[in-house]
*Asks:* 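Supplied in structure tokens, the structure appears directly below.
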Number of protein chains: 2
Amino acid sequence: MKDVATRAGVSEISVSRVMRNAPNISDALRRKVTDAANALSYTPNRLAGALKSQSSNLVAVVLPSMSNAVFPAVLDGIESVLDEQGLNAVLGLSGYDPDREVRVIRELLSWSPKGIILTGVHHGEAVRGMIAQMDVPVVQIMDIEGDPIGSMVGVSHSHAAIAAADHLHARGYRRIGYIGAWNERPERSLARRLAFEQQLQHHGTPLVAAHILEDRSSARIGAAATIALLTEHPEIDCIFYANDDLALGGLFYALSAGLDVPRELGLMGFNGLDIGKATPIPLSSIETPRFQMGAKAADLLLRSRTEGPQTVDLGFRVFDGGTT
Amino acid sequence: MKDVATRAGVSEISVSRVMRNAPNISDALRRKVTDAANALSYTPNRLAGALKSQSSNLVAVVLPSMSNAVFPAVLDGIESVLDEQGLNAVLGLSGYDPDREVRVIRELLSWSPKGIILTGVHHGEAVRGMIAQMDVPVVQIMDIEGDPIGSMVGVSHSHAAIAAADHLHARGYRRIGYIGAWNERPERSLARRLAFEQQLQHHGTPLVAAHILEDRSSARIGAAATIALLTEHPEIDCIFYANDDLALGGLFYALSAGLDVPRELGLMGFNGLDIGKATPIPLSSIETPRFQMGAKAADLLLRSRTEGPQTVDLGFRVFDGGTT
DNA sequence: ACCATTGTTGACAACGTTAACAATTCAATT
DNA sequence: AATTGAATTGTTAACGTTGTCAACAATGGT
């Protein structure tokens with residue numbers, strides 16, 4: 001910066017002000033500085049700037065993993081807003097491991113981010129303590145039910161489960177099964193299943209069986225689980241899956257086996273991925289606004305200085321495909 | 001840090017050394033400091049640390065977008081290595097826009113990252129200049145053909161295209177078409193198509209037609225393009241797609257239309273996504289090591305201090321599914 | 001007992017920027 | 001011409017760490 005200042009014949013602080021385009025800068029000064037800066041192709045050092053100004057233009061983002069198609073979309077949404085505001089995301093992946101999540105959050109907080117976006121609402125005292133100490137705005141995404149640290153942006157997984165149960169009941173299914181994976185991590189999968197079971201009970205058609213896999217979700221696993229569940233409980237006429245990957249596996253199996261979907265077997269997924277809308281029979285699912293969730297979370301984070309913590313229910317939509 | 005030092009009854013520099021676990025620290029000192037640090041739940045300020053030490057534990061990662069399933073996997077790979085080394089990724093998305101990419105790179109470099117991972121090998125003077133000035137290690141991923149700035153990790157897209165052409169020829173297809181999207185961004189898609197066409201020519205069975213869409217890839221678009229291409233060129237007996245999303249769309253259309261795959265119509269994708277292995281007929285494709293690409297790129301970045309720039313060909317595999 | 005070596009701790013300054021305050025300029029008003 | 005106040009620029013001192021160098025203690029070999 002000193003070099004730029006010398007070359008432009010002004011003080012360092014003037015360079016600083018032009019670079020940040022602070023108010024009350026004369027055109028003459030701005031010209032001199034930008035010319036000098038370009039000539040030297042000067043890049044400001046944000047580490048120093050953030051250190052001094054105690055605010056960093058970094059936003060910490062903690063997600064479980066990129067292997068579930070939901071989170072890339074969320075990240076796209078987050079970046080779309082951050083980019084527009086000249087902010088950068090520092091990313092941490094927890095791998096669904098609470099200990100690793102704590103470690104990652106601690107690391108990210110050490111960059112004094114402008115805010116932090118966390119996934120889910122289940123965070124222990126360790127996390128709450130760190131956040132409180134740093135006094136950093138928090139937005140938690142995915143869920144809107146629970147005891148949040150800051151703002152929440154997401155959908156009601158229990159309402160979504162109830163809507164799914166209602167939809168399947170309305171379609172005439174009476175002997176319904178459930179397939180989940182990855183030991184029902186994250187917790188919201190469990191919450192969803194429980195609400196689903198309760199609503200089926202309420203309809204007088206209790207869940208026939210739930211098959212929870214240990215592996216991570218994938219279409220292949222979904223197909224295998226579908227076979228297993230139907231073998232053990234041949235009376236099942238419909239399956240609700242924890243996500244579209246599993247459901248697609250089920251659908252592909254059903255197509256191969258020549259089952260009459262949706263008459264002989266109904267299939268319902270969760271998330272409403274694009275791919276499910278292009279299958280020979282479009283997959284019925286619960287559409288969740290993933291991109292928007294990320295965008296809104298970033299947006300809320302930036303507003304949270306002025307407005308307080310909020311809860312935003314982005315809602316879901318029952319996508320009535322051909323599999324139910 | 002001062003508070004911790006006071007509480008522990010030592011100097012600030014000793015706290016610093018314990019926190020960084022520098023060598024030559026007595027157990028007694030370490031105990032005192034860690035106790036005090038825990039009691040105060042002290043989090044070091046990395047901005048200050050990085051500023052002073054001129055090295056930041058941040059790695060800049062520039063990807064085009066998260067909406068293509070390739071990049072989340074790459075990012076997972078990158079994070080797996082960074083996490084293990086206690087580094088953090090600062091992410092920037094270019095949206096396939098060169099101008100935006102330049103802007104993003106400039107932003108990320110202002111954090112004095114330890115290294116930067118870029119996508120592709122097509123970078124102009126603006127980028128090269130910034131990189132050179134900052135003297136930061138670079139790894140470019142995806143391609144291994146071109147004029148790199150630093151190291152390259154990826155696969156040979158021209159070899160992959162040749163392998164695809166050979167495979168389809170060996171399977172007996174003689175009237176082959178091609179479907180691409182997004183105006184053949186990124187450039188490697190174009191390179192792949194050209195190599196593919198050339199190899200078909202070499203076999204004496206030139207490409208019947210190429211259909212390049214303006215929209216971004218998706219299964220739905222793939223189905224529509226397949227219909228369009230087959231309508232215009234009913235003689236086509238096989239289609240090579242720019243990616244699996246498009247190819248899956250083609251496969252779903254073929255299944256719905258009752259076409260006899262692979263006899264009446266062959267289909268080949270690119271990337272080897274998991275979902276393509278669970279479809280009623282597994283999708284033939286070129287498998288690319290996406291996760292490994294990210295992991296190797298991060299690994300190379302860390303080694304590049306000692307070892308120089310390198311080119312790593314991770315290779316591909318022809319996945320011989322049921323659609324060819 | 002001496003010196004060289006290694007291990008351990010501390011004092012000080014500096015990393016590159018910006019907040020806070022001070023000083024100057026300049027146009028508008030009296 | 002004097003006065004005012006806003007607009008513009010400059011001076012100084014940090015932000016919270018760590019590199020450098022110095023000092024001191026412990027160790028081991030002669």
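Since this is a predicted model, take the numbers as computed values, not measurements. These values consider heavy atoms only, across backbone and side chains, with no hydrogens, waters or symmetry-generated copies. In what follows, chains carry the letters A, B, and so on, assigned in the order in which the sequence lines appear, proteins first and then strands, with residues in each chain numbered from 1.
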*Asks:* I want to verify a distance call: between D:dG10, C:dA11, D:dG16, whose nearest atom is closest to the B:Ala48 side chain?
*Replies:*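 For B:Ala48, the side-chain atoms sit closest to D:dG16.
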*Asks:* Rounded to whole angstroms, how far apart are CE on A:Met1 and C1' on D:dT9?
*Replies:* 14 Å
*Asks:* Would you say a side-chain N or O of B:Ser16 is under 4.0 Å from OP1 or OP2 of D:dG16?
*Replies:*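 B:Ser16 to D:dG16 OP1/OP2: no side-chain N or O under 4.0 Å.
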*Asks:* Return the nearest nucleotide to the side chain of B:Val10; candidates are C:dG10, C:dA20, C:dA14.
*Replies:*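 Nearest to the side-chain atoms of B:Val10, counting from C-beta on, is C:dG10.
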*Asks:* Any luck finding a side-chain donor-acceptor pair between A:Ser41 and B:Gln133 under 3.5 Å?
*Replies:*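 A donor-acceptor contact under 3.5 Å links the two side chains.
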*Asks:* From C-beta outward on A:Glu12, which listed nucleotide comes closest to its side chain: C:dT17, C:dT9, D:dG10?
*Replies:* C:dT17
*Asks:* For C:dT17, does either OP1 or OP2 sit under 4.0 Å from a side-chain N or O belonging to A:Tyr42?
*Replies:*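 So the side-chain polar atoms of A:Tyr42 do come within 4.0 Å of the phosphate oxygens OP1 or OP2 of C:dT17, strictly under.
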*Asks:* Can you tell me how far P of D:dG16 sits from CG of B:Asp3, to the nearest Å?
*Replies:*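 Whole-Å distance recorded here is 10 Å.
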*Asks:* Looking at A:Arg46, does any N or O in its side chain come under 4.0 Å of the phosphate oxygens OP1/OP2 on D:dC15?
*Replies:* no
*Asks:* In terms of side-chain heavy atoms of A:Leu51, which of C:dT9, D:dT17, D:dC15 is nearest?
*Replies:*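 Among C:dT9, D:dT17, D:dC15, the one nearest the side chain of A:Leu51 is D:dC15.
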*Asks:* Between P on D:dT17 and CG on A:Asn45, what's the gap in Å once rounded to a whole number?
*Replies:*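 Whole-Å distance recorded here is 17 Å.
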*Asks:* Indicate, with a heavy-atom threshold strictly under 4.0 Å, whether A:Pro23 touches base, sugar-phosphate, or nothing.
*Replies:*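 Answer is nothing: A:Pro23 stays at 4.0 Å or more from every strand.
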*Asks:* For D:dT17, does OP1 or OP2 lie under 4.0 Å from any side-chain N or O of B:Gln54?
*Replies:* no
*Asks:* Would you indicate, yes or no, if D:dC15 has its OP1 or OP2 atom less than 4.0 angstrom from a side-chain nitrogen or oxygen of A:Ser53?
*Replies:* no
*Asks:* Counting side-chain heavy atoms from C-beta on, which of C:dA11, C:dA13, D:dG10 comes nearest to A:Ile13?
*Replies:*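 Taking heavy atoms from C-beta onward, the closest nucleotide is D:dG10.
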*Asks:* Please state how far atom CE in B:Met134 lies from atom C1' in C:dG16, giving the value in whole angstrom units.
*Replies:*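 Taking CE of B:Met134 and C1' of C:dG16, I get 12 Å after rounding.
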*Asks:* Could you check which of D:dG10, D:dT17, C:dG16 has an atom nearest any side-chain atom of A:Ser14?
*Replies:*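 Closest nucleotide among those given: D:dG10.
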*Asks:* To the nearest Å, how far apart are B:Met19 CE and D:dT18 C1'?
*Replies:*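 Nearest whole value for this atom pair: 14 Å.
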*Asks:* Do the side-chain N and O atoms of B:Ser156 and B:Glu145 include a donor-acceptor pair separated by under 3.5 angstrom?
*Replies:*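 Yes.
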*Asks:* Verify whether one side chain among A:Ser16 and A:Arg20 offers a donor that lies under 3.5 Å from an acceptor in the other.
*Replies:*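 The criterion, which ignores hydrogens and geometry beyond distance, is satisfied for A:Arg20 and A:Ser16.
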*Asks:* Measuring from the side chain of B:Ser26 (C-beta onward, heavy atoms only), which nucleotide among C:dT9, D:dT9, C:dG10 has the closest atom?
*Replies:*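 The nucleotide sitting nearest to the side chain is C:dT9.
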*Asks:* Rounded to the nearest angstrom, tell me the gap between atom NZ in B:Lys2 and atom C1' in D:dT17.
*Replies:* 12 Å
*Asks:* May I ask you to evaluate whether A:Asn24 reaches the phosphate of D:dT8, defined as a side-chain N or O under 4.0 Å from OP1 or OP2?
*Replies:*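 Result: yes.
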*Asks:* For B:Ser11 and C:dT9, is the shortest distance between a side-chain N/O and OP1 or OP2 below 4.0 Å?
*Replies:* no
*Asks:* Are B:Arg17 and D:dT18 close enough that a side-chain N or O sits under 4.0 Å from OP1 or OP2?
*Replies:*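 No, because none of the side-chain N or O atoms of B:Arg17 sits under 4.0 Å from OP1 or OP2 of D:dT18.
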